[in-house]
Amino acid sequence: MSTPISEDDLLAYADNRLEGSRLTQVEAWLASHPDERDRMEAWRSQSEKLHRAYDAVLDLPVPPRLMPAANASRWIELRRLAAVAWLVVGGLTGYLLRGEVSSPLTPSATLAQDSLPRMAAIAHAVYTPEVRHPVEVGADQEAHLVAWLSKRLGSPLNPPKLTKAGYALVGGRLLPGSTGEVAQFMYEDARHERLTLYVQPKSAAAQDAAFRYAREDGIDVFYWVEGHFGYALSGNTGREDMLRLATLVYEQLDDTSAGNASHGSKKSG
Amino acid sequence: MSSRDAVIAEIPRLRRYARALTGDTSTADDLVQETLERAMQKWRLWRRDRDLRPWLFSIMHNLHIDQLRHARPIDYYADEDLPDLPHRPEQLDSLEIRDLDRALALLPLEQREVLLLVGLEELSYKEVAATLGIPLGSVMSRLSRARSRLKAILSGETGPHLQVVRS
């Protein structure tokens, strides 16, 4: 009761931000100071006036020019983040549901194969916007990159050349996938459009699978399983263009896997 | 809710504050548009543990100060981006609102900002300090001066000749 009532107390009182004993003290003090009480009433009425005057703005329709979706380019960053969040949630939900539904089957093999385009799209969405660290090992150390990723994935692995289509190898990185190590190669063209090739070791139970197409939240993914690996090529340049690029990749990897067929090394996740 | 949805959800609040701050619907929406664009550019700098609203208000505050400081014509948008819907300020422009617009315009900007962030947007005093980048004590003293001055203006104790011009 000893602390004198300060201007700050009165401000907080006028803003309804006082609680407990302090509120009681201020109210008691105001009861004996009618001038101050009038001043507080006037202050409170200011806030009410402000709300009466301007709250209507809250209900006005938002003009299209203020809707960020309208000017899309700057929101790409934001949308990519949203895409990643969405993909992760979707993937997780799918994973949980899958456990419920198909436990008697070979869940890990099915999961590994079905999740390939989704995991590839997530990795694509995460790393392609990266400016400073798009890859772990750059294309300038391609020999090292190839040796390293081949070793970690357990089979010889060569990034295909896409220079014919105008894409240069940026480099690659090692990622954790649903069944263990996964490699990602990144390519870029002159307009800085980026492609990623996601390479996942084939699990023992998985069958070879022909070309398939998936669209994961705006990212086109062509994927297939062959030889020692499952492959997924992801990009944002449209389905037609991506099909052309995926074919180019497929042809080259086909050669590689034929050449390496004698290795016969086997790795399961 | 996605990040974009979270920002979109703040647009009405940004518009209300900007409208009260600038006294004009179309100027306000220009400011909101710039704020949203700047927020996109700086998106990565937003710390997720901070509330989105004070962050957006602080961006708007800085832009508004910049605009007043430079006071040059700004080409906000190209013709093809012009709004499809016309604004309908007549909905808002009652006599009472015009009186309040005039009264607020007579407050120095630094007092008007604090008064609106507290009285209209109901930010905490601490949030206001963070939004404006000033100490808590300054928030309290500006608020006190704003309230006293607005009271005087609204009760006709001070005429337009006492207008304080600051930028």
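Worth knowing before you read on, the calculation uses all heavy atoms, side chains too, and leaves out hydrogens, waters and symmetry mates. Chain letters run A, B, ... following the sequence lines, proteins first, then strands; residues in each count from 1. The structure displayed is predicted, hence computed values, not measured ones.
With a threshold of 4.5 angstrom between heavy atoms, A:Arg17 approaches chain B through side-chain atoms but not through N, CA, C or O. The contact between B:Ser148 and chain A is made by backbone and side chain atoms together, counting heavy-atom distances below 4.5 Å.
Considering only heavy atoms from C-beta on, A:Trp43 stays 4.5 Å or farther from B:Leu143 through its side chain. Between B:Pro12 and A:Val57 the shortest side-chain heavy-atom distance does not fall below 4.5 Å. Looking at B:Leu120 and A:Ser47, their side chains never come closer than 4.5 Å, going by heavy atoms from C-beta outward. Within the 4.5 Å cutoff, the side chain of B:Lys151 has no heavy atoms near those of the A:Ser45 side chain.
Among residue pairs with one or both ends in residues 49-58 of chain A, those qualifying as salt bridge (charged side-chain N to carboxylate O under 4.0 Å, His left out) are A:Arg52-B:Glu96, A:Asp55-B:Arg16; sequence neighbours excluded.
Closest non-hydrogen pair, A:Leu50 versus B:Leu115, comes out as CD1-O, 4.2 Å. Smallest separation of non-hydrogen atoms from B:Leu100 and A:Ala53: CD2-CB, 3.6 Å. Residues B:Ile11 and A:Leu66 come closest through the heavy atom pair CD1-O, 3.5 Å.
Distance alone, capped at 3.5 Å, is enough to place a donor-acceptor pair between the A:Gln46 side chain and the B:Arg147 backbone. Side-chain N or O atoms of A:His51 include one that pairs as donor or acceptor with a backbone N or O of B:Gly119 at under 3.5 Å.
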Practice problem: Give the intermediate values and the outcome of side-chain contact (heavy atoms from CB on, under 4.5 Å) for residues B:Leu21 and A:Tyr54. | Solution: CA-CA 10 Å; B:Leu21 186 70; A:Tyr54 302 115; over 6 Å; no
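Residues passing the ring pair (Phe, Tyr, Trp, His ring centres under 6.0 Å) test with B:Tyr17 are B:Phe57, sequence neighbours excluded.
Ranked by heavy-atom pairs under 4.5 Å with chain B, the first of A:Leu10, A:Leu58, A:Asn16, A:Asp8 is A:Leu58. Comparing A:Arg44, A:Glu7, A:Arg39 by how many heavy-atom pairs each has under 4.5 Å with chain B, the most go to A:Glu7.
A side-chain N or O of A:Asp15 and one of B:Tyr125 form a donor-acceptor pair less than 3.5 Å apart.
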